[in-house]
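Have a look at the structure below before the remarks.
Because the structure is a prediction, the values reported are computed rather than measured. Convention: sequence-line order gives letters A, B, ...; per-chain numbering from 1.
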Number of protein chains: 2
Amino acid sequence: MQDRSADLRELLESYMRENSLKKTRQRDVIFDTFVSLEGHTTIDGLLARVKLVNASVGYATVYRALKLFVGAGVARVQRFGDGQALYEAAELDEHHDHLICNQCGRIFEFEDDVIEERQETVARALGLRLTHHRMTLWGECMDKAECQKHVGS
Amino acid sequence: MQDRSADLRELLESYMRENSLKKTRQRDVIFDTFVSLEGHTTIDGLLARVKLVNASVGYATVYRALKLFVGAGVARVQRFGDGQALYEAAELDEHHDHLICNQCGRIFEFEDDVIEERQETVARALGLRLTHHRMTLWGECMDKAECQKHVGS
DNA sequence: GTGGATGCAAAGACTTTGCAGCTTC
DNA sequence: GAAGCTGCAAAGTCTTTGCATCCAC
């Protein structure tokens with residue numbers, strides 16, 4: 001984890017250098033907070049955490065920082081359904097997809113080489129070279145008791 | 001195609017009967033227009049087509065009709081990126097996913113049994129029974145000339 | 001110093017809803 | 001008739017931006 005966040009920081013900094021963007025106190029806090037979070041976060045959620053460290057940071061700054069992170073390849077956005085976009089730290093080499101329980105809303109992550117490979121094949125058959133993909137599965141926990149525990153969390 | 005739209009209509013009507021919803025001129029036009037469209041449409045796009053038949057139909061009515069269609073299982077929504085939601089007629093038995101060209105924006109549809117099966121397996125391994133999924137691939141047309149023709153269309 | 005960054009508040013882009021009047025069943 | 005619709009316009013949600021001020025380089 002230490003390595004991963006260091007790699008992400010390196011990636012971000014080189015991107016910022018290339019584009020002559022500036023390192024600021026706010027961006028530091030936002031970055032640190034962002035990578036320290038597991039899984040997905042909304043802008044609001046991230047802002048709340050950031051404000052614990054620096055209460056004067058505004059929504060727009062977080063918004064713009066996240067946009068920067070996405071541009072730098074440090075973060076990824078998703079819109080699973082309605083409502084706010086969800087951001088998560090990028091994976092530098094591997095990649096994962098999501099499986100969401102309709103009832104409890106838990107988001108499981110997984111990766112599957114068979115599917116990845118097959119996607120390449122399919123794309124090529126249609127005449128495209130694949131750049132990236134998004135796959136989300138929805139289902140219902142088979143362990144109802146466990147599921148119930150997580151409802152609304 | 002004739003069969004398909006008849007099936008969708010049947011599905012919608014039985015849903016409406018069960019929920020004691022009413023058949024109206026507007027809903028008829030919206031439904032007919034919707035199923036006659038190939039691929040994806042936005043609410044605005046659909047409304048424009050609907051207005052050709054009945055100019056007095058309002059945005060809200062189309063919006064509510066589409067919501068109804070989705071509830072009835074006749075339509076599906078997607079949000080590929082930013083902007084408006086895209087609606088498409090549901091497939092009654094088979095299912096397809098999307099492959100989008102980053103440059104020209106064309107949306108290709110495909111289905112792949114190997115992937116579908118594998119998804120079931122993955123979900124089960126994580127303790128969930130799969131209900132549905134969304135998969136979108138992005139890539140670049142290998143035929144650049146052809147791609148160029150479709151840019152911005 | 002200068003160009004980029006920040007915070008605020010305001011504007012956008014879409015989606016959703018309240019309501020009075022109009023239609024179906 | 002009563003329960004549902006429709007259209008309009010207004011209100012929400014979230015996202016994005018204009019601008020004066022501030023700060024990193």
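- Atom CD of A:Glu13 is separated from atom C1' of D:dA24 by 14 Å (rounded to the nearest Å).
- At whole-Å resolution of the value, OH in A:Tyr63 and C1' in D:dG18 are 14 Å apart.
- Summary of the strand contacts: B:Ala60 and B:Gln84 both lie near DNA chain C, and taking for each the nucleotide with the nearest heavy atom, the more 5' one is attributed to B:Gln84.
- Computed from coordinates, the A:Leu66 CG to C:dT6 P distance equals 13 Å when rounded to whole Å.
- Of all the residues in residues 42-54 of chain B, not one reaches under 4.0 Å from DNA chain D with any non-hydrogen atom.
- A salt bridge does not link A:Asp32 to A:Arg49: none of the charged side-chain nitrogens sits closer than 4.0 Å to a carboxylate oxygen.
- Taking only side-chain nitrogens and oxygens, A:Thr61 comes nearer than 4.0 Å to OP1 or OP2 of C:dG7.
- Rounded to whole angstrom, the span from the OH atom of A:Tyr15 across to the C1' atom of C:dG4 amounts to 14 Å.
- Each of C:dG7, C:dC25, D:dG7 was ranked by its minimum atom distance to the side chain of B:Val57; first place goes to D:dG7.
- At least one side-chain heavy atom of B:Arg9 sits under 4.5 Å from a side-chain heavy atom of B:Asp28.
- Salt-bridge formation is not detected for the pair A:Asp113/B:Arg118: no Lys NZ or Arg NE/NH1/NH2 atom is positioned less than 4.0 Å from an Asp or Glu carboxylate oxygen.
- When each of B:Gly83 and B:Gln26 is assigned the nucleotide of DNA chain C with its nearest heavy atom, B:Gly83 is the one assigned upstream, toward the 5' end.
- B:Leu37 and B:Ile43 fall within the same hydrophobic cluster, defined by Ile, Leu, Val, Met, Phe, Trp and Tyr side-chain heavy atoms under 4.5 Å apart, directly or through other members.
- A donor atom on one side chain and an acceptor atom on the other are not found under 3.5 Å apart for A:His132 and A:His95.
- Note on A:Arg27: a side-chain N or O is less than 4.0 Å away from OP1 or OP2 of C:dT6.
- Note that CG of B:Leu99 is 10.0 Å distant from CD1 of B:Ile107, once rounded to the nearest 0.5 Å.
- Taking side-chain N and O atoms only, B:Thr24 has a distance below 4.0 Å to OP1 or OP2 of D:dT6.
- For the OP1/OP2 pair of D:dA3 and a distance below 4.0 Å, the side-chain nitrogens and oxygens of B:Ser20 include no atom meeting the criterion.
- Nearer to the 5' terminus of DNA chain D, by closest-nucleotide assignment, is the contact made by A:Arg79 (compared with the other of A:Arg64 and A:Arg79).
- When distances are taken from the side chain of B:Arg25 to each of D:dT15, D:dC19, C:dT23, the shortest belongs to C:dT23.
- The side chain of A:Tyr59 contributes no N or O atom lying less than 4.0 Å from OP1 or OP2 of D:dT16.
- A:Leu68 places its CG atom 14 Å from the C1' atom of C:dT6, with the value rounded to the nearest Å.
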Side-chain donor/acceptor pairs under 3.5 Å, residues 59-80 of chain A, sequence neighbours excluded:
residue, atom, partner, partner atom, Å
A:Gln78, NE2, A:His98, ND1, 3.2
A:Arg79, NE, B:Gly81, O, 3.4

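- When the P atom of D:dA24 is taken as reference, atom CZ of A:Arg17 falls 18 Å away, rounded to whole Å.
- Contact between the side-chain N/O atoms of A:Lys67 and the OP1/OP2 oxygens of D:dT17 is found at a separation under 4.0 Å.
- Computed from coordinates, the B:Lys22 NZ to D:dG1 P distance equals 14 Å when rounded to whole Å.
- In this structure, the nucleotide among C:dC25, C:dG4, D:dC23 sitting nearest to the side chain of A:Leu21 is C:dG4.
- In the hydrophobic clustering of ILVMFWY residues, with side-chain heavy atoms under 4.5 Å counting as a link, A:Phe110 and A:Trp138 come out apart.
- Atom CG in B:Asn19 sits roughly 16 Å away from atom P in D:dA3 (whole-Å rounding).
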